[in-house]
Amino acid sequence: MPNVTKWRVGEPPIAASYVLPIASHVSQARVLGGYLRRLSRTIDDVVVVDGSEKAIFDAHANAWGNYVRHIRPSIRTTNGKVAGVMTGLASARHEAVIVADDDIRYRRAEIGRMADLLSAYDVVRPQNMFVPLPWHARWDTARSLLNRLSGGDWPGTLGVRRSVLLDAGGYGGEVLFENLEMVRTVKAAGGREAVELDLFVARRPPSARHFLSQRTRQAYDEWARPVRLAAQLTVLPASIWLARQKGMPALLALAALGIAAAEAGRRKDGGRKAYPATSALWAPAWVAERAVTSWAALLTRLLLGGVRYRTTRLKHAATPVSALQARIGKAK
């Protein structure tokens, strides 16, 4: 890993771009205003790509226009976030670009480290931590801890080298798991990925209602990784069989194993400084959830043709690596 610069208060803005794609039915002027103002003093180029309806777009422009670049998406994609990201990348003034959802909250030191990493890598995947931690954020944190044992969690933010993704022709906007699609596209184009398990970026938790509404949709992401989906599909029938054959003690042992695995993920690469000691205790709840929602995701694909996304349905979670390599190789 390259040397990490220690950024001090009062230093000039970091030479990088920050792209925030949004599309809202209600004004986010007050919710995001303070954060965007701080960003504008921290990073040289902040681009908000706003796909909101005109009245909301105008309210955002009036609130933020003096300290960020506020623009509309220049293209359309089924997954609207991809259109926002690609518009922002095309407009970005720097090679190093941080792409982040509207619930992400970077601090200066984390932006500095991302910029440093993008001088050596083509795509960077940090890790998220929920701040604050209502019950449903603790539940979802268990997912993050388990994922840290198998290649790292997937956060709501990535760093990418602008030219690499633009030269690859962008990434697919007809898929659900757009962050995986971006990383796969960069790697298919020959880029290098850094998964920084010790780089923690704060994320605001959603409402409990929104969290509950996303359970099947998050499980559907695993259609992009069939081996993981198959493994998750086995959990429910295996648990039923185990309960019938061995009884409740066997299920309790299985739950204890999940807690131990999550705790190992919490202790990996400095995770204890980001995740509370009780986080691993929520692992059985998340595993039980995924045991059910993976089957819901399977039935959603087979019976409905895809998962609902806004006013349509998306069939594909992400493009297979081989297809991306073939597309990029043909373009070259």
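Keep in mind it's a predicted model, so treat the numbers as computed, not measured. Side-chain atoms are counted along with the backbone in the values below, which use heavy atoms only and exclude waters and symmetry mates.
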Listed partners of Arg107 passing side-chain hydrogen bond (donor to acceptor under 3.5 Å, both in side chains), at least two apart
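By the side-chain hydrogen bond (donor to acceptor under 3.5 Å, both in side chains) rule, Arg107 matches Glu110.
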Listed by chain and number, what are the side-chain hydrogen bond (donor to acceptor under 3.5 Å, both in side chains) partners of Arg148, not counting sequence neighbours?
none
Geometric class of the Phe177/Trp154 ring pair [parallel <30°, tilted 30-60°, perpendicular >60°]:
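If you compare the ring of Trp154 with that of Phe177, the planes turn out perpendicular.
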For Trp282 and Trp139, take the angle between the two ring planes, folded into 0 to 90°, and tell me which bin it lands in: parallel under 30, tilted 30 to 60, perpendicular over 60.
tilted
In the structure I gave you, are the side-chain heavy atoms of [X] and [Y] within less than 4.5 Å of one another anywhere?
X	Y	value
Gln218	Arg290	yes
Arg204	Val131	yes
Val183	Leu158	yes
Glu193	Arg125	yes

How far apart are the closest heavy atoms of Pro132 and Ala137, and which atoms are they?
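Pro132 and Ala137 have their closest heavy atoms at O-CB, 4.2 Å.
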When every non-hydrogen atom of Leu236 is compared with those of Ala291, the smallest separation belongs to CB-O, 3.6 Å
Would the distance check show the side chain of [X] and the main-chain N or O of [Y] forming a donor-acceptor pair, the cut-off being under 3.5 Å?
X	Y	value
Thr312	Tyr309	no
Asn128	Val201	yes
Thr157	Val99	yes
Trp223	His316	no

If we check side-chain contact (heavy atoms from CB on, under 4.5 Å) with Leu145, which of these qualifies: Lys268, Arg267, Glu263, Arg266?
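Testing Leu145 for a side-chain contact (heavy atoms from CB on, under 4.5 Å) against Lys268, Arg267, Glu263, Arg266 leaves exactly one candidate, Arg266.
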Check ring pair (Phe, Tyr, Trp, His ring centres under 6.0 Å) between His94 and all other residues, then give those that pass, not counting sequence neighbours.
none
Between [X] and [Y], is there a side-chain N and carboxylate O pair less than 4.0 Å apart?
X	Y	result
Glu289	Arg143	no
Arg184	Glu181	no
Glu95	Arg162	no

Looking only at the side chains, is there a donor atom on one of [X] and [Y] sitting less than 3.5 Å from an acceptor on the other?
X	Y	answer
Ser74	Thr87	yes
Tyr106	Thr42	no
Arg228	Ser150	yes
Ser91	Arg69	yes

OH-CG distance between Tyr171 and Leu166, expressed to the nearest 0.5 angstrom:
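The CG atom of Leu166 is 11.5 Å from OH of Tyr171, to the nearest 0.5 Å.
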Candidate list Arg272, Arg113, Lys273, test salt bridge (charged side-chain N to carboxylate O under 4.0 Å, His left out), partner Asp198, passing option
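Running salt bridge (charged side-chain N to carboxylate O under 4.0 Å, His left out) over Arg272, Arg113, Lys273 with Asp198 returns exactly one hit, Arg113.
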